[in-house]
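See below for the structure under consideration.
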Amino acid sequence: MTTREFGDIELRQVRENVWEIPESDEMRAPARVLASEALLEQIGQDKTLEQLQNATHLPGISKYAICMPDGHQGYGFPVGGVGATDCEDGCISPGAVGYDINCGVRMMKTNLTYEDLQGKEEELVDALFRAIPSGLGGGGVVKGDMDTIEGILERGMQWALDEGWATEDDLAHCEDEGFRDDAKPEYVSKKAKDRGRNQIGSLGSGNHFLEVQRVTDIYRDDVAEKFGLEEDQIVVLIHCGSRGLGHQTCTDYLRRIEKEHQDLLESLPDRELAAAPAGSKLAEEYYGAMCAAINFAWVNRQLIMYRTRQVFENVFERDWEDMEMDLLYDVAHNIAKKEVHDVDGEERELYVHRKGATRAFPAGRPELPPAYADVGQPVIIPGSMGAGSYVLRGGENSLDLTFGSTAHGAGRLMSRTKAKQEYWGETVQEELREQEKIYVKAQSGATVAEEAPGVYKDVDEVVRVSDELGIGDKVARTFPVCNIKG
DNA sequence: ATGTAC
C-alpha cells in the first residue's frame with residue numbers, strides 16, 4: 001500500500017488520485033484528498049492537510065471531509081474543501097463557506113471569433129477597464145439606497161430582472177436560478193449593508209477579474225454543442241464575489257459564534273473552524289444571512305455582465321443580442337447549501353459546504369436547469385491570467401465521491417507576500433503581452449504580481465484529475481485575450 | 001477575499 005507522510009499526517013492511497021487520512025482519535029470521519037502524486041506533494045507544503053483533518057471534527061460531518069486537487073490553506077478550512085454536515089444534528093461553519101460568500105464565476109458566450117478581435121484588443125481592454133468598477137473600496141454600477149440593497153438581498157437575480165438589468169434567459173443560466181429563497185436580509189447587519197450598497201456591480205481586487213478569452217480546444221463534441229461552444233469562439237469570464245457585504249457578514253457571525261457557542265468552539269481543534277450547531281437560532285440566522293449575501297453576489301456579477309454587453313456594443317457597433325452574448329452558466333465557488341445526498345444508503349439533508357469548490361451535478365439531478373438536464377451542468381474553472389481556463393460538465397461519479405462537486409481553479413502555490421517578492425507587476429504584464437498576446441490592465445501593479453501565472457498550480461493537471469475521477473469532465477479549454485482586474 | 005487591524 002502506498003502511503004505519504006506530511007508532518008504528523010499520514011495518507012494512504014485508496015486508488016489512483018484518491019488519498020485518505022484514516023479516522024482516528026477525535027475525528028468523526030476520515031478525510032480524502034483527490035489529487036495526483038504531484039499535486040499532493042504541493043498540497044502537503046502548507047497547512048491544508050491539517051485543516052482538512054480538523055474539518056473532520058465538525059459535528060455531523062458525513063462520509064468524509066474532502067480536499068480537491070486545487071486545494072490550499074485557507075481560514076480554518078481549506079480552500080478547495082468540501083464538507084457536508086447533517087442538517088439535523090450537525091452544524092454550519094462560516095469558515096467552511098469562506099469570507100467571500102458566493103465568490104463565483106460566470107461565462108458569457110458570443111458569436112465573435114478571435115479574428116474579429118484582432119487589432120481591437122487594446123481598445124476593448126481599455127473600454128472594459130473604464131466601464132467596470134474595480135479595485136478595493138467603493139463605487140459600483142448602481143448607487144444603492146437601502147431599498148435597493150434590501151431588494152437585492154431578498155430576491156437576487158429576480159431583482160435584476162425586475163429592474164431591467166437581466167433577462168429571463170440570464171436567470172435560467174445561473175446556479176439556483178440566481179436566487180436563494182432562504183435569504184433573510186434582516187439577519188444581515190446594517191454595517192454589511194452599508195458596505196455593500198456602494199459596491200453593487202464592482203469587480204473588487206485580489207484574484208477577481210474579467211477576462212475576454214478564445215476557445216482553443218474542444219474535448220467532448222456532443223457536450224460542447226449543447227453548451228454552444230466551438231473553437232476560436234470569443235467568450236467572457238467574470239470572476240468576483242460579494243465584496244465587503246459578504247466579508248462583513250462572515251465577520252459578524254464568527255464573532256457571534258464566539259460569544260454564543262463557546263462550548264462547541266472549544267471542542268474544535270481550531271477556533272477558525274467556528275460553527276453554529278444545527279437547529280440553533282444562530283445557525284438559522286447565519287444561513288439566512290449567507291443566502292442573502294449569495295443573492296448579492298449574483299446581482300454583482302449580473303451588473304458587470306450588463307456593462308460588458310454595452311462595451312461590446314460600442315466597440316463592435318452591433319447589438320448584444322446580435323452578437324449572441326448569452327450566459328453559459330454562473331457557478332458559485334463559496335457557499336453552503338441544504339442538499340439531499342445518499343449517506344450509507346440513507347437520504348440525508350446536509351449542509352454541503354463548498355469552499356473553493358464548484359457544484360458539479362451530473363445529468364438527472366433535479367436542480368439542473370432544463371438546458372442542461374440531460375447533459376450535466378457546466379462547471380467553469382478559471383486558471384491564471386497566463387494559462388487559460390476550462391469548461392467541464394458535472395461528472396457521473398461526483399455524487400458518490402464529492403457530494404456533487406469538483407475543483408474551482410488552479411489553486412495558489414505561494415502566498416501573496418511571497419508572490420510580491422518574486423514578481424513585479426509591470427514586468428508580468430509586458431511578458432504576457434509580448435510573448436502571449438494577452439492584454440492585462442489593472443488598478444494595482446501589486447495585484448498583478450500577487451496573481452502572476454507562476455503563483456498558481458498547473459490548471460491542466462487539476463482538470464486532468466477531475467476528468468480522470470469522473471467528477472467533472474473536460475469539455476473545452478480557453479486562452480486569455482484581454483484581462484482587467486483590481 | 002477584505003475600508004489588508006482588536
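Letters A, B, ... mirror the listed sequences (proteins, then strands); counts begin at 1.
Atom-to-atom, CG of A:Leu254 to C1' of B:dC6 comes out at 15 Å; the value is rounded to the nearest Å. With rounding to whole Å, A:Tyr253 atom OH is found 19 Å from B:dT2 atom C1'. Protein atom CG of A:Asn334 is 11 Å distant from nucleotide atom P of B:dT2, rounded to whole Å. To the nearest angstrom, P of B:dT2 lies 8 Å from CD of A:Gln199. Distance A:Gln443 CD to B:dT2 P: 13 Å, rounded to the nearest Å. In this structure, the CG atom of A:Leu136 is 12 Å from the P atom of B:dA5, given to the nearest Å. Going from atom CD of A:Gln248 over to atom P of B:dC6 covers 10 Å, rounded to whole Å. B:dT2 atom P lies 11 Å from atom CD of A:Glu451, rounded to whole Å.
Taking the six-membered ring where tryptophan is involved, the planes of A:Tyr306 and A:Trp165 are perpendicular, since the angle between them exceeds 60° and thus also 30°.
Within the 4.0 angstrom heavy-atom criterion, no nucleotide atom of any strand lies near A:Ser242. Across all strands shown, A:Glu450 has no heavy atoms under 4.0 Å from either base or sugar-phosphate atoms. Across all strands shown, A:Lys191 has heavy atoms under 4.0 Å from base atoms, whether or not it also approaches the sugar-phosphate. At the heavy-atom level, A:Gly206 lies under 4.0 Å from the strands shown only through sugar-phosphate atoms.
Counting only distance, with no hydrogens or angles, the side chain of A:Ser398 and the backbone of A:Ala360 share a donor-acceptor pair below 3.5 Å.
Looking only at side-chain heavy atoms (C-beta outward), A:Tyr75 and A:Lys355 come within less than 4.5 Å of each other.
For B:dT2, one of the phosphate oxygens OP1 or OP2 lies less than 4.0 angstrom from a side-chain nitrogen or oxygen of A:Arg243.
Under the salt bridge (Lys or Arg N to Asp or Glu O under 4.0 Å) test applied with A:Arg106, the options A:Asp326, A:Asp330, A:Asp170 reduce to a single match, A:Asp330.
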